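Because only heavy atoms are used, hydrogens play no part in the values below, and waters and symmetry mates are left out as well, while side chains stay in. Residue numbers count from 1 along this sequence. Bear in mind the structure is a predicted one, so any value in this text is a computation, not a measurement.
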Amino acid sequence: MQATENQGGLQAQDEQDNDMRAVFVQTLLSKRSEAIAGRASSGIEEEWTEDEEHYQGIDDANRAYQNANQLFRSRKAALTGTAPVNNGPSRSVVFLNITRPYTDAASARVADMLLPTDDRAWEIKPTPLPRLSTSQLTMLAQSMGMSDPAEAQAQIEANQAKAKQAATKMQQAIEDPLIESNWHGEVRQVIEDAARIGSGVLKGPFPIQRTDRMVSRDPITGMTSVVRVDSIKPGSKRIDPWDFFPDPACGENLHHGSYTWEREYIGKRQIKAMLADESYDRAELLAVLREGPARTRQGTEAVYRASDDEFEMWIFYGHCARDHLLQIGVELEEGDEDRTPTMAVMINDRLVKTVESPIESGEFPYDILAWQRRPGMPWGMGISRQIRTAQRMLNGATRAMMDNSGLSAAPQIVIGNGVTPEDGHWGLRPGKIWRAEASADAPDVRAAFSAFVVPSVQVELMNIINFCLKMAEDTTGMPAMLQGIRGDAPNTLGGMQMQNNNATSVLRRLAKRFDDYVTRPHIQRYFDWMMTYSDDEAIKGDFEIEVRASSALVERDAQQQFLLQMVGLARDPAYEIDPAKLFAELCKGQRLDPKNFQLDEMQKKQRQQPDPTVLAKAKLLESQARKADADATNVGMETLYSGVQTGQAISMNPAVATLADGLARSVGFKDKDMAPIIPQAPTALEPVPPIANTNPITPANPESPEAGVRDGIETMVAD
């Protein structure tokens with residue numbers, strides 16, 4: 001009896017749980033229906049369809065002739081309730097598509113500048129420490145048990161150094177999963193979506209199971225084996241805007257809403273892989289596999305329809321009542337919050353997974369990049385929508401010109417009564433025979449045939465086409481710069497710089513939006529993820545995220561023109577420009593890594609050769625130094641010789657010393673010791689004859705100028 005009562009109690013409990021689960025599922029389904037209806041009623045889906053069609057070159061005139069795009073016919077009929085009517089090719093249906101090249105050029109340009117190969121759009125930095133006065137340092141030192149305020153200052157500086165190291169490690173920890181998720185590739189697709197239909201959706205971080213492979217070697221046998229280790233890591237990916245349904249009451253910011261829904265198409269293989277994950281309900285997954293894909297699709301599908309063999313999976317993020325989660329078996333941690341951030345997964349309207357949101361703050365792991373904002377909506381307006389009017393004008397003018405060309409290419413033929421073709425066919429062909437009957441109205445057969453030529457107005461229509469192309473540039477604000485059109489800017493450095501600033505103003509605006517609505521919140525969630533789930537305590541700390549690269553990258557792209565002009569200045573040593581650093585900046589501007597072109601340290605040592613100019617200067621200085629030493633030696637020897645000669649002359653005639661000193665002072669000579677060389681030189685001494693010159697080259701002077709004047713000269717004898 002006791003067992004029966006227990007069994008009955010268990011059955012009642014199971015029925016209660018099933019009822020609570022059914023109520024929870026119905027609540028989720030109602031929210032999903034609300035999100036789907038809210039997006040459909042906003043009218044954004046019709047605009048997305050038109051943007052997609054114009055990007056493909058399709059409109060109502062040529063829709064019936066697009067055999068490769070049958071989906072566009074049914075999409076237009078489903079949205080408008082009318083099917084295109086084909087009354088025959090009564091006029092030209094040519095679609096001169098300028099929407100695609102303008103959209104592709106804009107998205108490629110923005111992606112190249114916002115996604116460099118050698119830089120990132122964000123940086124992790126420690127929060128700055130406040131500057132403390134002397135009194136504050138003294139109080140801090142006393143509170144820390146220190147006697148000297150200098151010790152407190154040293155402790156603060158040491159903590160700041162550790163914080164910088166921790167910030168660098170945190171930055172590397174965040175960058176690693178971004179690289180594994182192909183951050184550049186996913187964000188590039190988001191930018192392409194934003195340029196095409198006005199909005200791009202990026203998801204992250206969300207848990208992804210990744211497999212790390214390592215090679216181990218057995219120390220005994222020497223055999224190597226590959227070891228696979230599965231781990232849960234954060235990741236990011238691009239979400240098709242057609243598959244994202246935010247809360248209709250979110251306004252311009254999706255994080256102001258209460259929930260979000262994401263649609264994803266998966267196959268049986270992915271569902272079977274979910275069976276190995278304990279967080280999924282195994283019984284519900286098996287029931288989904290038995291049922292097969294649901295035939296009824298929920299929500300408007302993208303223009304690229306999924307296969308009928310794929311399952312429609314819906315992912316929910318929002319806040320749910322804590323009591324409801326506990327009653328349906330969700331394991332929750334202790335807390336006082338009534339509503340808990342929740343993640344739920346549904347396939348075929350079956351609840352296959354319900355867990356706490358991996359982001360503890362409850363923020364949705366989605367970011368929307370709007371190319372140009374729309375008031376009151378999270379969605380934006382892209383290049384395809386901006387160029388819509390110019391595209392329609394261009395199509396109308398081009399088709400009118402083609403129709404006029406067809407009409408004016410051949411004359412209009414008028415045939416009178418009584419003229420019949422010989423072959424019975426009324427069509428015209430070369431050499432055809434016509435028969436004039438007796439009852440013909442005109443007696444002359446030439447009057448029975450008349451030809452009229454339709455006037456050609458291609459010149460006027462071509463002016464309209466050129467006007468449309470000019471309007472396409474003005475409405476988008478980017479193609480003139482993207483195509484390298486200089487415009488009216490003067491061909492000078494100042495003029496080119498002014499043109500670059502004006503041309504990149506749209507890109508700077510988009511870069512700011514990318515920083516504010518994608519980079520900053522996305523990296524902030526990665527930071528919160530690492531602070532919560534990382535086992536490395538060395539990377540945690542009080543940090544701030546500095547988003548500084550996106551706008552700087554746009555400016556760096558505009559600076560390339562000036563850097564190219566600096567190449568010629570780098571050869572002039574007066575400017576003290578490092579050519580290697582200039583080359584590195586030029587490579588970064590072209591999205592190239594300068595390390596791939598520069599020499600490494602070993603090659604620098606091998607190829608390092610002395611500058612011949614420097615060697616020549618060194619040799620010149622060395623020779624000049626040797627010459628200066630030789631000249632100084634010669635001067636010293638001459639001075640020594642002169643001093644010896646002077647000493648000999650004074651020793652033989654001491655009276656000359658006083659006269660010599662007077663003469664030297666009269667020409668500005670300064671005596672070093674101010675004392676006479678011979679203190680007691682006699683003044684009444686007879687002069688001593690000079691020393692006879694014994695040099696054979698310069699003989700001694702004669703005693704008298706007349707002596708020997710005529711020696712050796714023959715003169716005529718006087719008669």
Side-chain angles (χ1 to χ4, degrees), residues 47 49-69 72 76 84-109 195-198 371-372 381-414 428 430 450-491 495 499 502-503 505-506:
E47 294 192 2
T49 302
E50 293 177 359
D51 294 342
E52 295 279 6
E53 288 181 348
H54 274 66
Y55 183 79
Q56 298 292 339
I58 301 172
D59 63 357
D60 292 338
N62 67 347
R63 189 182 309 278
Y65 303 98
Q66 300 293 330
N67 295 328
N69 295 277
F72 287 100
K76 187 68 176 181
V85 180
N86 184 11
N87 295 325
S90 60
R91 57 163 299 177
S92 173
V93 295
V94 65
F95 194 109
L96 190 60
N97 193 350
I98 62 174
T99 301
R100 180 191 291 270
Y102 272 61
T103 302
D104 292 344
S107 61
R109 180 70 168 177
R196 188 177 68 257
I197 63 175
W371 191 275
Q372 182 178 349
M381 181 186 300
I383 296 293
S384 182
R385 175 61 54 174
Q386 294 175 357
I387 205 175
R388 176 61 44 80
T389 302
Q391 178 70 74
R392 295 179 62 184
M393 293 170 57
L394 180 63
N395 290 343
T398 305
R399 290 168 181 173
M401 186 178 67
M402 299 300 294
D403 293 339
N404 179 255
S405 299
L407 292 175
S408 61
Q412 303 292 321
I413 306 298
V414 179
L428 296 177
S450 298
F452 299 93
V453 179
V454 177
S456 177
V457 291
Q458 294 190 22
V459 176
E460 292 79 2
L461 293 175
M462 184 56 67
N463 292 334
I464 298 177
I465 291 176
N466 293 331
F467 171 74
C468 297
L469 296 177
K470 180 63 171 60
M471 289 302 299
E473 297 177 359
D474 295 340
T475 53
T476 57
M478 298 184 64
M481 178 269 299
L482 296 176
Q483 298 173 6
I485 300 176
R486 186 173 63 87
D488 298 332
N491 192 14
Q499 179 210 4
N502 296 334
S505 59
V506 178

When rounded to the nearest 0.5 angstrom, what distance separates [atom1] in [X] from [atom2] in [Y]?
X      : Y      : atom1 : atom2 : answer
Ser384 : Arg100 : OG    : CZ    : 10.5 Å
Thr99  : Leu394 : OG1   : CG    : 9.0 Å
Arg63  : Glu53  : CZ    : CD    : 4.0 Å
Ile98  : Ile387 : CD1   : CD1   : 4.0 Å
Ile197 : His54  : CD1   : NE2   : 15.0 Å

Under 3.5 Å, side-chain donor or acceptor atoms of residues 400-408 against the rest of the protein: list the pairs with distances, not counting sequence neighbours.
residue	atom	partner	partner atom	Å
Asp403	OD1	Ser92	N	2.7
Asp403	OD2	Arg91	NE	3.3
Asn404	OD1	Val457	N	3.0
Asn404	ND2	Pro455	O	3.0
Ser405	OG	Met401	O	2.8
Ser405	OG	Gln458	NE2	2.7
Ser408	OG	Asn404	O	2.7

Criterion side-chain contact (heavy atoms from CB on, under 4.5 Å) on Asp51 and Arg388, from CA distance to verdict: CA-CA 8 Å; Asp51 294 342; Arg388 176 61 44 80; 2.6 Å; yes

Treating Arg385 as the side-chain partner and Glu47 as the backbone partner, does any N or O pair qualify as donor plus acceptor under 3.5 Å?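 Answer holds: yes.
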
Indicate yes or no for a side-chain donor-acceptor contact from Asp59 to the backbone of Asn62 under 3.5 Å, with no hydrogens or angles considered.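 Such a contact is found between Asp59 side chain and Asn62 backbone.
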
Would you mind reporting whether [Y] and [X] have side-chain heavy atoms less than 4.5 Å apart?
X      : Y      : result
Gln391 : Asn395 : yes
Gln386 : Trp371 : yes
Ile465 : Met462 : yes

Nearest heavy-atom pair of [X] and [Y]: which atoms, and what distance?
X      : Y      : result
Val93  : Ala61  : CG1-O, 3.4 Å
Val453 : Pro411 : CG2-CB, 4.1 Å
Cys468 : Ala390 : O-CB, 3.9 Å

So Tyr55 and Ile383, side-chain contact (heavy atoms from CB on, under 4.5 Å) or not? Walk me through it. CA-CA 10 Å; Tyr55 183 79; Ile383 296 293; over 6 Å; no

Under the side-chain contact (heavy atoms from CB on, under 4.5 Å) rule, what do Asn97 and Gln56 come out as? Steps first, then yes or no, please. CA-CA 8 Å; Asn97 193 350; Gln56 298 292 339; over 6 Å; no

